[in-house]
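The structure presented is a predicted model; accordingly, all values stated were derived computationally and were not measured.
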Amino acid sequence: MRSQRLTFLALATTLGLTLTACGGSDQAGEGALADGKVSIGVVGSHPTHDALKQLAEEQGITVEYVDFSDYNQPNPATESGDVDMTWFQHVPFLADYNNSAGGSITPIGSTSIYPLGLYSNEYDSVDQFQKGDEIAVPNDAVNLSRALLVLESAGLVELKSDTLIPTELDVDTEASTVRVTPVSAEQTVLSMDSVAGSVINNDFLARADIDPKSALAQDDPEAEGSRAYVNLFTTTEELADDETLRQVADLYHEQTVIDAEMEETKDTAVPLQLEPEELQELTARYQQELKDQGQ
């Protein structure tokens, strides 16, 4: 792990992250959404969504999902009031959005860490990649950097600089085995037949019927450096204390939802429950780290 990354890792470690679960209350909350109706912005439909929706209905909360086509849409929709909360992003993505858009989207609950993996229709192992092979990676700033770190740990790329958020400009092309091509997240799957490999976000694996266990390389969700990549429930700053929204976020860690998540991800998801205040502090600190890096 490179030295500049250790600064953030130390910050994350101080938050006392734990792999725990807790149950929700029996009645819908009495906050701004006391009518018990909650709209959630997601990217892609998943069985885990259905499990949480059913559990919420049993507790008097009506959950409606709004499925967006890409990762750039849910946060603006939340700020405009088109949806009440989102369920799709991790801490670095949120921090990058808030910095670049001047937003104040706020985390109110965590779900799981999903490994980011390298997949190929051409090769069966990392050792088979040839000099000059092309690998598609997500083009949003945070997932791009995470993909580059996966490729670096697999020995397929060399980075020229010690940065928190590397980009394709940080890749030492002469020293690297492969070439990276940033594309939209959904295009990483669609490009599979035209490139040697793709680093694919978990959201798009099920759509393409790709087994997450077939990854040739991936980051380690149990590692300290991966903790910031826990996926979040988020909402506006004004609704961050709403009891109904927080109750919905808590429902993720009920056993029936976790079981659905494990089945859907073939036991690759790593549930991680953090308190909203810890998530908010972590996001703020990561935003500052990104600013300090000039991102």
For the residue pair [X] and [Y], what are the closest heavy atoms and their distance?
| X | Y | answer |
| --- | --- | --- |
| Asp219 | Pro221 | O-CD, 3.3 Å |
| Gly117 | Gln218 | CA-CB, 3.9 Å |
| His253 | Ala249 | CD2-O, 4.4 Å |
| Leu216 | Phe129 | CD1-CE1, 3.9 Å |
| Ala95 | Thr283 | CB-O, 4.0 Å |
| Ala154 | Val126 | O-CG1, 3.4 Å |

Can you tell which of Asn98, Asp96, Leu282 makes a side chain to side chain contact (heavy atoms under 4.5 Å, CB included) with Gln287?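 Exactly one option meets the side chain to side chain contact (heavy atoms under 4.5 Å, CB included) with Gln287, and it is Asn98.
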
May I ask you to test the [X]-[Y] pair for a side-chain heavy-atom distance under 4.5 Å?
| X | Y | answer |
| --- | --- | --- |
| Met262 | Pro271 | yes |
| Tyr286 | Pro92 | yes |
| Leu149 | Glu152 | yes |
| Val137 | Leu151 | yes |
| Ser184 | Asp70 | no |
| Leu118 | Leu156 | yes |
| Asp242 | Met85 | no |
| Ile113 | Val230 | yes |

Nearest 0.5 Å, what's the [atom1]-[atom2] distance between [X] and [Y]?
| X | Y | atom1 | atom2 | value |
| --- | --- | --- | --- | --- |
| Glu254 | Leu52 | CD | CG | 9.5 Å |
| Glu134 | Ser194 | CD | OG | 7.0 Å |
| Phe233 | Leu251 | CZ | CG | 8.0 Å |
| Asn201 | Asn143 | CG | CG | 4.5 Å |
| Leu279 | Gln273 | CG | CD | 9.5 Å |

State which residues pass side-chain hydrogen bond (donor to acceptor under 3.5 Å, both in side chains) with [X]; sequence neighbours excluded, sorted by chain then number.
| X | result |
| --- | --- |
| Ser39 | Asp84 |
| Arg246 | Asp241, Glu277 |
| Gln73 | Ser69 |

Set of side chain to side chain contact (heavy atoms under 4.5 Å, CB included) partners for [X], sequence neighbours left out:
| X | value |
| --- | --- |
| Lys266 | Asp211, Pro212, Lys213 |
| Gln54 | Glu58 |
| Glu168 | Leu144, Val180, Pro182 |
| His49 | Val42, His46, Tyr65, Trp87 |

Shared hydrophobic cluster, Ile40 / Leu55 (ILVMFWY, side-chain heavy atoms < 4.5 Å):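 Yes, Ile40 and Leu55 fall within the same hydrophobic cluster.
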
Are Ile135 and Val183 connected into the same hydrophobic cluster when the rule is that any two of I, L, V, M, F, W, Y join if their side-chain heavy atoms are below 4.5 Å apart?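 No, it is not one cluster - the side chains of Val183 and Ile135 are not joined through contacts under 4.5 Å.
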
For [X] and [Y], indicate whether the former's side chain and the latter's backbone hold a donor-acceptor pair under 3.5 Å.
| X | Y | result |
| --- | --- | --- |
| Asp67 | Gly44 | yes |
| Glu158 | Ala175 | no |
| Thr265 | Ala269 | yes |

Looking just at side-chain N and O atoms, do Asn75 and Glu79 make a donor-acceptor pair shorter than 3.5 Å?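 Side chains of Asn75 and Glu79: no pair found under 3.5 Å.
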
Filter on salt bridge (charged side-chain N to carboxylate O under 4.0 Å, His left out), then keep only pairs touching residues 115-133, sequence neighbours left out; what's left?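 Applying salt bridge (charged side-chain N to carboxylate O under 4.0 Å, His left out) to every pair that reaches into residues 115-133, excluding sequence neighbours, yields nothing.
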
Considering only NZ, NE, NH1 and NH2 on the basic side and carboxylate oxygens on the acidic side, decide whether Arg285 and Glu281 come within less than 4.0 Å.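 Result for this pair is yes, salt bridge flagged.
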
If hydrophobic residues (ILVMFWY) are linked whenever their side-chain heavy atoms come closer than 4.5 Å, directly or via other members, who joins Val66 in its cluster?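 In the cluster with Val66 are Phe68, Val83.
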
Given a cutoff of under 4.5 Å between side-chain heavy atoms of I, L, V, M, F, W and Y, with clusters grown through shared members, what are the other residues clustered with Met192?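 Via sub-4.5 Å side-chain contacts, Met192 links to Val43, Tyr71, Phe88, Phe93, Tyr119, Val189, Ile200, Phe204, Leu205, Ile210.
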
Evaluate Val142 against His90 for side-chain contact (heavy atoms from CB on, under 4.5 Å), listing each step before the verdict. CA-CA 9 Å; Val142 174; His90 49 51; 3.3 Å; yes

Can I get a per-line list of side-chain donor-acceptor pairs under 3.5 Å for residues 102-112, giving both atom names and the distance, sequence neighbours left out?
{"unit_1": "Thr106", "atom_1": "OG1", "unit_2": "Ser104", "atom_2": "O", "d": "2.9"}
{"unit_1": "Ser110", "atom_1": "OG", "unit_2": "Leu272", "atom_2": "O", "d": "2.5"}
{"unit_1": "Ser110", "atom_1": "OG", "unit_2": "Leu274", "atom_2": "N", "d": "2.9"}
{"unit_1": "Thr111", "atom_1": "OG1", "unit_2": "Asn231", "atom_2": "O", "d": "3.1"}
{"unit_1": "Ser112", "atom_1": "OG", "unit_2": "Tyr252", "atom_2": "OH", "d": "2.4"}

Trace of the side-chain contact (heavy atoms from CB on, under 4.5 Å) decision for Leu116 with Asn202: CA-CA 7 Å; Leu116 184 66; Asn202 184 274; over 6 Å; no

Counting only heavy atoms not in Gln128, do more than 12 sit closer than 6.0 Å to its CD atom?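 It does: Gln128 CD has more than 12 such atoms within range.
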
Report the residues that fulfil ring-ring contact (aromatic ring centres under 6.0 Å, His included) with Tyr114, sequence neighbours left out, ordered by chain and then residue number.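 Residues passing ring-ring contact (aromatic ring centres under 6.0 Å, His included) with Tyr114: none at all.
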
Test Val199 against Thr188 for side-chain contact (heavy atoms from CB on, under 4.5 Å), laying out the working first. CA-CA 7 Å; Val199 179; Thr188 57; over 6 Å; no

